[in-house]
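First up is the structure itself, then whatever we jot down about it.
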Number of protein chains: 2
Amino acid sequence: MPRGLCHRHGADRPCTCAMGNLYRFVEPVVLLLLKKHGPSYGYELISALNDHALTDARIERAALYRTLKQLEDNGYVVSEWDVSGSGPARHVYRLTDSGEKHLLEWSIVLEKLSQAMSNFVSDVKAQ
Amino acid sequence: MPRGLCHRHGADRPCTCAMGNLYRFVEPVVLLLLKKHGPSYGYELISALNDHALTDARIERAALYRTLKQLEDNGYVVSEWDVSGSGPARHVYRLTDSGEKHLLEWSIVLEKLSQAMSNFVSDVKAQ
DNA sequence: ATATACTATATGCAAGTTACACATAGAGGT
DNA sequence: ACCTCTATGTGTAACTTGCATATAGTATAT
């Protein structure tokens with residue numbers, strides 16, 4: 001990061017920049033974007049990702065490309081090269097059935113986590 | 001972890017075990033416990049921590065001791081040694097004013113994150 | 001006496017993660 | 001020739017973490 005020092009938002013307000021990329025939940029958001037908008041590629045996903053991200057941190061390109069590779073290694077997406085358009089070839093990823101299941105699992109995990117966080121916040125406010 | 005393989009819950013249900021310790025939000029939960037129950041020490045905190053954790057993952061002792069040290073390095077807690085009881089000395093931590101502020105910052109971050117996750121879950125269900 | 005169980009704190013390390021920088025390359029405009 | 005935009009990746013030092021290990025005080029049973 002380096003952790004604990006945010007260059008983007010400064011020291012004047014709390015932000016999630018001190019959390020790692022896993023904390024930014026890149027994986028589930030990519031899975032959802034692929035489900036909602038169909039097959040896509042890194043360069044296109046990066047802007048959508050920053051619009052739909054769960055935290056206020058900017059998603060690194062490097063993190064996204066590595067996440068996509070990892071998703072493919074795990075069988076959650078499959079990819080092919082699109083050389084039809086002009087400009088550099090696009091590495092296009094498509095969600096698999098396994099990936100859809102994985103998205104639902106993420107949904108369950110995040111629903112519980114959301115509730116737990118909400119309870120935590122109430123607990124803090126009650127003090 | 002190793003990430004992506006949960007030995008505790010098996011492969012049959014989604015869990016948060018594949019997330020790292022940062023994901024388990026050890027820091028804010030420790031801060032809240034110290035605020036609610038007053039000064040405490042690692043061995044006592046570890047069980048309370050596992051009861052109040054935001055995720056279903058077991059909090060590692062090593063992670064807790066390192067978190068406590070880090071909190072002290074950042075001025076969010078101060079510590080002293082309690083040698084009054086029987087048994088080994090206890091490293092007792094107490095929340096500082098700065099630590100209370102930090103807890104409130106965490107609360108803001110987690111409130112936003114909770115809402116974002118909740119929206120994400122609705123979005124998944126809408127598909 | 002000695003074994004073992006519980007309390008309590010902490011470090012060592014291999015494996016994994018990440019923020020930032022860097023490398024590569026196609027196409028279009030000036 | 002040079003710049004800009006599109007597009008995909010890798011290199012690496014610094015950091016994080018899961019698991020094992022080290023240390024040590026006290027109590028209870030054998």
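Chain naming here is simple, since letters A, B, ... match the order of the sequence lines and numbering starts at 1 in each.
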Report the distance from atom [atom1] of [X] to atom [atom2] of [N], rounded to the nearest whole Å.
{"X": "B:I46", "N": "D:dG18", "atom1": "CD1", "atom2": "P", "value": "12 Å"}
{"X": "B:E44", "N": "C:dA8", "atom1": "CD", "atom2": "P", "value": "8 Å"}
{"X": "B:L45", "N": "C:dA8", "atom1": "CG", "atom2": "C1'", "value": "12 Å"}
{"X": "B:R24", "N": "C:dT17", "atom1": "CZ", "atom2": "P", "value": "13 Å"}

**OP:** Using a strict 4.0 Å threshold on nitrogen-to-oxygen distance, state whether B:K69 and B:D73 make a salt bridge.
**Re:** yes

Original post:
Do A:R94 and A:E72 sit within salt-bridge range, that is, some charged N less than 4.0 Å from a carboxylate O?
Top reply: no

Original post:
What is the minimum heavy-atom distance between A:L54 and B:L113, and which atoms define it?
Top reply: O-CD1, 3.4 Å

Original post:
Under the side chain to side chain contact (heavy atoms under 4.5 Å, CB included) criterion, do A:V109 and A:E105 qualify, and how do the steps go?
Top reply: CA-CA 6 Å; A:V109 167; A:E105 289 175 346; 5.7 Å; no

**OP:** Check the side chains of A:H91 and A:E80 for a donor-acceptor pair under 3.5 angstrom, ignoring hydrogens and angles.
**Re:** no

Original post:
Are a donor atom and an acceptor atom from the side chains of B:S114 and A:S118 found within less than 3.5 Å of each other?
Top reply: no

Subject >> Interface residues of residues 59-80 of chain A with DNA chain D (non-hydrogen, below 4.0 angstrom) >> reply: A:R61, A:A62, A:Y65, A:R66

Subject >> Where protein sits on nucleotides 24-30 of chain C, one letter per nucleotide: B base, S sugar-phosphate only, - none, heavy atoms under 4.0 Å >> reply: -BBS---

Original post:
Of the options B:K112, B:M117, B:E111, B:Q115, which is the one that meets A:M117 in a side-chain contact (heavy atoms from CB on, under 4.5 Å)?
Top reply: B:M117

N or O in side chain of [X] less than 4.0 angstrom from [N] OP1/OP2:
{"X": "B:Y41", "N": "C:dT9", "answer": "no"}
{"X": "B:H91", "N": "C:dA10", "answer": "yes"}
{"X": "A:Y43", "N": "D:dT8", "answer": "no"}

**OP:** Check whether any side-chain heavy atom of B:L33 sits under 4.5 Å from a side-chain heavy atom of B:H52, and report yes or no.
**Re:** yes

